[in-house]
Structures are given as C-alpha cells and as structure tokens.
Amino acid sequence: MQGRSRLTDEAVDAVREAVDIIDLVSEHTKVERRGQRFVALCPFHKEKTPSLSLDPERKLYYCFGCGAGGDALRFHMELTGDTFATTIEHLARRYGIPLQRATGPGADGRPDRSERIQAALDAAWDFFRAKLRTEAVPQQYLQRRKVPSELITRFGVGYAPDDWRTMIEDLGRRIPVPDLESAGLIARSPKAPDRPYDRFRNRLMFPIRSPAGRLLAFGGRTLGDDQAKYVNTNETDHFRKGTLLYGLDAARRGIREQGRALLVEGYFDVLGAAASGIDWAVASMGTALTGHQVRLLSRYTDEVVLGYDGDRAGIEAARKAAGLMLETGLNVRRALFPAGQDPDSLRLDEGPEAVRATVAEARDAVAIEIDDLPSRGELDPRLRAREAARVRTLIDRVGDPIARRGYFETAAERLGVKVDVLLRESAAAAEKPAAPDSPEPAARSRPPVTSSIEEQVLRLTAAAPDLRGIEWPAPDAFFDPALRAIYEAMREQAQAGAERIDSGALVDVLGRRRGTDNETDRPVDRIAGLLLQRSSAFSESDESELRLSLAELGRRFARQRLNLLAREINRAQREGDMETLHRMIEEKQQLSRQLYRQSGR
C-alpha cells in the first residue's frame, strides 16, 4: 500500500515553490511581458486579444475573459485533467524535487480513510470494466444503443454482474469489506446484517468523477426489470450528487473552447451528445438541478444550453433550471427537442445531425417563455395574470438591467398591457421577504449575495493600505467555504498587527489548503482573481465601503444565527431540554442586543 501513501505538506510546498508559472504557461501559449505583469492568450477559451494575466512572484494566473484563475498547480490540473496528487508528482519530476510521503496517522502505516475509500473505488472500476469485456448482455445492449467503443473507453463504462455477491467475493480478497461499504459499493439487509451484498447488480456502470478527474462514485443503469432504473452510490462524506456534474471532467476543455455547455439530464444523454460530435455536454444525473451544480458550471462558462427532454416533465425541469442559472448570472438557451425525445433518443431515431441541429438552433430561454404567454383575449384574464406572474418571476432573475427591461417590454407587448404594470409587480415582489420555509434557500437566494459582498470585502481588504482599527466579524459570516478560508487567513494577518495584507504570505498559506476534495474549491484558486483583478488605487470611499460591508456581513450572520436559534429554542422546549434552552435564549438575547446597537438605535 506504499504507493497510496499521502504527500506531505512539506512536499507540496517544495513543488509550489519550485514551479515557474511563466515557464509552465509558455508551453501552452505565447507569453508577453507588460510592465510588472505578463499576459498571454488564454488556453481555456478562444480569443484574439490576450486576457490571461500572470503574476510570476505570487505564481498566480487569472483570465479576465473567462474567469479561470488559480496557482501554477491549478493551471496544470485544468489543462491536463490530472488529480492534485498526480500534478504534484508530475511537477516534482520536472523540477527535480524529491517527494516526501507520510503513510498516515496510524503506527501501522495504513493509509488514511479517504485513501482506503479511493482504493476501493479504483478496484471496483477495474472490476466493472473487466466484466463488461466478458459479458454478452451489456455488450449487446450498448450495440443496440449504438454507443461507439471509443466512447465506452473514454467514459470508462463498465458492468455489474447479475449476482448478489460476485464483486464482494472478488474484491473482498484484497479490499477490506468496511472500505467497500464506506465507498458505497455494498449494502446490508436488516434481516441478515452479517452477510453484505453487492449494491449494483445487472447494471451498466458509469464512473462519476470530480471536475479534475478523481473517481468519486458510480451510477448504474439497470439492464433488467428493476423498478429503480438508475441507482447511484449512496451519498457519503466524500460524495454528494448535488454538488457534481456527470461528464464535466471530460467536457471541460470542450466547454472552454466552445464558450458554452450543454446541460442534459442523464448519463446516456451525455454519451449521445458525444456520439453526435458535442463534446461539451454534462448531466445533472437525473435529479433536479441544484445551486451547487450551477455555481460549479459557472466556473467554466457563462452560457448554458439546456438539453432536457421534450416532454412536460422536461419542460418544467428546464424552467426551474433556467431560473437558477439566470440568478447566477449565466446566459441560458433551450434546445427544443421534440416531445418524448432527448439527445440520445433523437440520435438513434434521426441521426447525429438532428441532435447537432437542435442544439445549434437553441433559443433564449426567457424569450421562449415570453412567446408561450397568452396574447390579449386568448385566455381568461385570471389565467393570463397567473402566466404573466410566472414569467415575471423568471425575468426578475435576469441580472443585467438592460436585458431585464427588454424582456419586460416584450412580455408586456405580448400580453397587451403597459410595461409599467409588470415593472410595478416586479418591484413589489422584490420588497416582499422570502418565505421562512421556502425550499432550498441557499440555492435560490444566497449565491448572488455572497458572490458580491464576500468577494468585494476580500478584494478591498487585499488592497487596503491600513487595516488598523477595523472590526473583523467571525469567519462564519462568510457562507462560501473557499472565501471563508481566504478571509480567515487575511483576518489572522490583521489581528497579528499587520498594517496591510502580505499577499505573498497569503498565497503561501492558502496554497497549502487542498480544498474540499484536494482538487476543487482550493482557496488559492479563488484568491488569484481577487488579487489580479484590481488595478485602481485604494480610495477613501473604498475604506468606507470595506467597513460598511464587513458590518453588513456581521449583521447577516447574526440574522441567520437568530433564525437558527429560534428553531433550536422551539425544539428544546418541545423536548424539555432546559440546559440547552437557557443557553440558546442567552445567545439569542446577546445577538439581538448586538443587532440593536449596530442599527444605531
């Protein structure tokens, strides 16, 4: 198991220190010097004027065109698809850095839990692929669906045999059963808990990977009469389906080259799109799109084409997805597949050209909804009002004020009303507080707020010439985990007496933090844009804005905490937990007094 030992922080630091980002980027694009900075044509999207800015001292890059940014390690990972560990190993060989490894916290030298789970997943993937090569049933199914062998290999499709214990008996000889269970590969029956069984049986197996290519889980499509058509690895602390997009690891380069992404519903839709020559498709894996998935996609593109099914359920899902995306600032188009068709079924019925044509003819998602509005006299006025409210809610999510006004004008013309009527309704809706029990508040309301005020605070803090006398709220005031890590590092410098942020030290500290899965959401990747974007001098108004924004973050956190405390107090009252009740009431009173003082009353 020595080969799976963990890279030490010292080894990662040594590689980061040795890498020359100018040298690294020059291998992929022409680099030019402009003053203290270097610029280049961005390799992540098509452009004619250089928009990639490089900082050799801090070893950072940021593209002002597509928003790609990070340190030298991220640059290599984005271009190659290598995992974090593979990137470190590759760059260490290139720069002649000996790698130190730690075998884990235990005295027996066993790999840690995450490494054992990874070993189980990798072994299962080898098992599934081997079974696909020898079993006739899955091969015949893939032939009927006209899936080219090249795509089977590219996407790593495999097969889970139609048996209850084939995999566990095969892998159990070299992988501990608890590790297979932790990886979500086996299950237990309450009637026979001592006899675990294979979770996946008689299913085509699709590996689910992180954007950087790390295997995290599997999705299985039944080839029998199982009522559950698709089954995924059960959610664990290392796999959350709602935070990932299937196929993103393979589609990243195509998305950046095309400047857009095709979002579909399932695994076969991604394969069908790829078989039609569209290598920039990703899938939400058959469930409702989440805010996490939208934010993940927005890191790679600012335009998304929705390729959902043409039935009623697909249309409703597309409407909801469009709302989430518009709220995040994405441009959204809809490919109008015929009723009952999806990208893969259309390919099988009418050929790849039909899929490409449907995607190429995708229309603006908001314009489609406006065109579907009933015109004057078509419906009962109350039904027209209801439809108008639905579309108005969608238009409200458009961030650009000029585009939003244009949509309202078009909708008003379609409905036969004055645009001021819709604008007044929009303004009135904006003033209403969100319902306390509204579903998925984080996905609906949090991203636009956090992406503006949290990033603005960090950008101003990084540029401020004098940080003395500033009140710093608790790190929990930041909702975004990566931005919270950046703020914590900045706050530590300020509270240690620094007059201004030492950006070099900041990058060093953040570069050691691996992110949520060692690969994505690394704080150092987010700091690149914040440090390299700002060029103007820090003004008095900037200082005032920084103080006001910090105070608002503190108030926002206090309000959120008060809402949580109210629920906890009710629960403690119901359960008769007096100790918790008194503690929560005391904290609520303190926060209420704090908000009262900050309100200036």
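Heavy-atom basis, side chains included; hydrogens, waters and symmetry copies ignored.
- Checked for salt-bridge contact, R145 and D344 meet the test: a charged N lies under 4.0 Å from a carboxylate O.
- A 4.5 Å side-chain heavy-atom check between V332 and V366 finds every atom pair outside the cut-off.
- A salt bridge is defined here as a Lys NZ or Arg NE, NH1 or NH2 lying under 4.0 Å from an Asp or Glu carboxylate O, and R252 with D249 fails to meet this definition.
- Listed by chain and residue number, nothing satisfies the side chain to side chain contact (heavy atoms under 4.5 Å, CB included) test with A360 (two or more places apart in sequence, or in another chain).
- Exactly one residue among L171, I168, D179 makes a side chain to side chain contact (heavy atoms under 4.5 Å, CB included) with I186. That residue is I168.
- In this structure, F128 has its ring center at least 6.0 angstrom away from the ring center of Y159.
- F239 approaches N234 most closely through the heavy-atom pair CD2-O, 3.9 Å.
- Centroid-to-centroid, the aromatic rings of Y267 and F155 stay 6.0 Å apart or farther.
- The local environment of CZ in R174 is crowded, with over 12 non-hydrogen atoms from other residues, nucleotides or ligands closer than 6.0 Å.
- Between R154 and E150, at least one side-chain nitrogen of the basic residue sits less than 4.0 Å from a carboxylate oxygen of the acidic one, meeting the salt-bridge criterion.
- Note that R256 lies in the cation-pi zone of F44, set by a 6.0 Å cut-off to the ring centre and a 45° limit from the axis.
- When side chains are defined from C-beta on, D342 does not count as touching Y308, because their heavy atoms never get closer than 4.5 Å.
- Listed by chain and residue number, L262, A273 satisfy the side chain to side chain contact (heavy atoms under 4.5 Å, CB included) test with A281 (two or more places apart in sequence, or in another chain).
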